[in-house]
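Let me begin by presenting the structure, written as structure tokens, before commenting on it.
Owing to the predicted nature of the structure, the values given are computational and were not obtained by experimental measurement. Quick note on labels: first sequence line is chain A, next is B, and so on, each numbered from 1.
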Amino acid sequence: MEKLVVVDGNSIIYRAFFALPPLTNSAGLHTNAVYGFTTMLLRLIEEEKPTHMLVAFDAGKATFRHEGYAEYKGGREKTPPELSEQFPLLKDLLRAFGIPQYEKSGYEADDIIGTLTRIADEKGMRVTVVSGDKDMLQLASEHVTVALTRKGISEVERYDPAHLHEVYGLKPHQIIDLKGLMGDASDNIPGIPGVGEKTALKLLHEYGSVEEVLSQADGIKGKMGEKIREHAEDARMSKKLATIFREVPEVPEWDGLAYGGYDGPSLQAALRKLEFKSLLEKMDFSGGADGDGEEGAAPAQESFDVAVVDDAKLGELIEALPAVDAMHIEAVGENPHHADVLGVALYVPESGRGYYVPYDVLASEAAAPLRDWLADAETPKRMYDLHKAEVALAWRGLPLRGVRFDVLLAAYLLDPTESALALDGLVRKYGLPQVASDEDVFGKGAKFAVPELARLADHLCRKAQAVSLLTPLMERDLEEGGMHRLYYDLEHPLASVLSTMELTGIRTDGDDLRTYGEQLAARLTDIMQSIYEHAGMEFNINSPKQLGEVLFDKLGLPVWKKTKTGPSTDAEVLEKLAPYHEIVKEILLYRQLAKLQSTYVEGLLKEINPKTGKVHTYYRQTIAATGRLSSQFPNLQNIPIRLEEGRKIRQVFKPSEPGWYIFTADYSQIELRVLAHISGDERLREAFLNDMDIHTKTAMDVFGVSANQVDANMRRQAKAVNFGIVYGISDYGLSQNLDITRKEAANFIEQYFSVFQGVRKYMDDIVQTARKDGFVTTLLQRRRYLPEISASNFNLRSFAERTAMNTPIQGTAADIIKLAMVQMAERLKAEGLQSRMLLQVHDELVFEVPPDELETMKRIVPEVMEGAIQLDVPLKVEADYGTNWYEAK
DNA sequence: GATGCACCG
DNA sequence: CCAGGCGGTGCATCC
């Protein structure tokens, strides 16, 4: 099927210019925007595989819009010369790409694109519009997808009408109504003052269009109604200005836009001229780009010599083992404890050959040397996702040792926010020969199926090859980022520590759980009955929608806040509504118990392994953006503790050996101690050096009172301020948390900062650093990129600023406990202890301990945890033990 | 598959 | 003028 990709040239080059750091060639010409444009084009060609292409530009100064409104785009800054000089470079580059370009005096790129998409709609042809400008969304249709740049220019979000509706609740034609109401500062479109995106969307969801809003304006109360009536004319005109003109005469004919891919040598020459060396290196000009238009222009897969290993070929493989450089173990299924191991692919760079060993062959008697090789700590191996493979193989009695590099773990450290850590994306990023996506090979969801052997073998061997090619590049990048030690000394060894913990598992008493579940069930039935009586009807209490109808329509309770789908019924709202009606308290209790029943009783029961009588969680090491672990199947990092009712769940977690104990040790105030260290704040440091109660100390300093004058309420407020500080404080956030006014919250914060001046300086500095470098780091050089730190959108920018403040704190705390875990595992082994490390809950470690080791563990666990790293303030660990997790408080 | 809600640090 | 706490997972509902 034919497909046109049309790029809004001006919009994209602007985006690229501001998204990328300045970059000049040896002649002093700026090239950053062209560079960004180039990477975007390469990606587009590869992903969209267009048969037709066009880049449209604005032309001339006066467009027809100025005839109606002289100030159109009036307030806009002049194009900086560093950008203007790049337009001719871009146009040359497009010629090298062989991509048609078009501009027409008196019209903007929008109008050209609008006209082309109208024609495509009429003729039923597919178009993707690429732009950074939300206005373009009005063009979305059955045939037209609008791809908007997101997060710089490297990624796009594709909008068809359905997605548009999901995001904004609007039809494409309503986008101009949206602009009509909210205006657009960058185009000097006024809109209605005081109406931003949120209000505009609310109005449109209610009235549908600018005209309808205006005609009903008399019915809109308050300041809002006043503004709308006052600025009716502005709104009408703004809507008109935002409307893309779709009748540009003489746009190019469809056939003239045919695109058969670029010509390798011409493009190579152009990139060399621009001095885009890194891009040239990454690109593979040998295979693809043949210009036949069939494959698109992306580098094609090279042919690859793959041997499916059977009994007859095992000998050859075993002989080749010393030359194996990288491998891939395919374990399918989300939960590694239940994953199916399909087989092992091995790659030998010398011969360029791949070997695929199906699991049955691997498990056969003749494959013993291969299994020994896998288990040999002295034969170095490289792979993707060591942690998962190690767990999946262990359940089959197959040890895996000697893995020296894990491409997945490295990719996570290089960019922990990157969600696409799969191999297909990594090879693309590094410009290496392509690997198909797992989704393409296996399908997904209900359609998941293992392909025929030859296809499977080819795919998995290509993965092994990719690991081999990626390893040196990623090692170099880790080195450049100062993360070499973080990888080799911490994260890599941790993977195996985690595997051991998970395979050990924690004994979970199913009978206890079932008994508790029966009690819950009885109470839930009673409460449900009572709720129905109060409501005067039966309904599904679990449905926020139905619950909302009962509370707000039937019983007439006031709406406190709204979600995007209706009035909110969350616990915070219900607390406020409690005085109005008895039913509210019952709903809160119902929610609490229903949660315990579904997630903790039923959910946990499903996860108990019948063979071991334990639950075996899986810690994910490559998910959290801050460097924390997360836990799945089941999540053992969110077992209830705050309310007594739920805390009882902890009684079902027991030692797996009779007479043993559950032993817990947690860091006290680790995040604030970390903050004291990295900010160097004198008073905070002093507080910890004297081992004071930090919230009381904060209350003393903020309220200016002595220790015995601090009451419970003052301490509670100080505690909230401390939390706020760690999270990247805002007066709004604190006011919500403490249920006080924003002003009062702002006063608290000011008071706090005037006392803890070092903290204030840290907060200011870290945001500056993020803006300058584009990322922040933890104590161990873990890195998180914050591209939105310079966004013009307040929300995005503020979020990035809070993240800049929080990530070094949360991330350093994560570094520290990870260090402690690796050291703890070594220590247990070195001392020949039987005690086992079972769980990690962010600032807490859980062990099972035989009675005769209890005293030893009381000594060494705090010793190891407190000594994991040396900070300017002491680390403090509190330990406890009991016959189950509940008792080890 | 998205959303709202609830659980944890 | 507007919008907003940091990091996660799991369940039930609804489309």
**Message:** Is there, by distance only and without an angle test, a donor paired with an acceptor across the side chain of A:Asn638 and the base of B:dC7 below 3.5 Å?
**Reply:** yes
**Request:** Would you kindly check whether a donor in the side chain of A:Arg784 faces an acceptor in the base of C:dG7, or vice versa, at under 3.5 angstrom?
**Result:** no
**Prompt:** When only distance counts, do a donor and an acceptor, one from the side chain of A:Arg591 and one from the base of B:dG4, lie under 3.5 Å apart?
**Reply:** no
**Request:** Take A:Asn542 and A:Thr199, find for each the nucleotide of DNA chain C with the closest heavy atom, and name the residue whose nucleotide sits nearer the 5' end.
**Result:** A:Thr199
**Request:** Please determine, by modelled atom types, if A:Thr145 and A:Asp160 share a side-chain donor-acceptor pair under 3.5 angstrom.
**Result:** no
**Message:** Quick check: on DNA chain C, is the nucleotide nearest A:Asn806 upstream (toward 5') of the one nearest A:Phe794, or the reverse? Name the residue that is more 5'.
**Reply:** A:Phe794
**Prompt:** Can you name the closest pair of heavy atoms from A:Tyr159 and A:Ala140 and give their distance?
**Reply:** O-CB, 4.1 Å
**Request:** Mark yes or no for a side-chain to base donor-acceptor pair under 3.5 Å between A:Asn737 and C:dG5, with no hydrogen or angle criteria applied.
**Result:** yes
**Prompt:** Going by ring centres under 5.5 Å and near-parallel planes (under 30°), is A:Tyr727 stacked on C:dG5?
**Reply:** no
**Prompt:** Checking only heavy atoms, does the side chain of A:Gln637 share a donor-acceptor pair with the base of B:dC8 at less than 3.5 Å?
**Reply:** no
**Request:** Classify the side chain of A:Arg628 versus the base of B:dG9 as yes if they form a donor-acceptor pair under 3.5 Å and no if they do not.
**Result:** yes
**Partner of A:Asp815 by side-chain hydrogen bond (donor to acceptor under 3.5 Å, both in side chains), out of A:Gln781, A:Gln810, A:Arg628, A:Arg782** = A:Arg782
**Asked** Using 30° and 60° as the class limits, which term best fits the ring planes of A:His695 and A:Phe723: parallel, tilted or perpendicular?
**Response** parallel
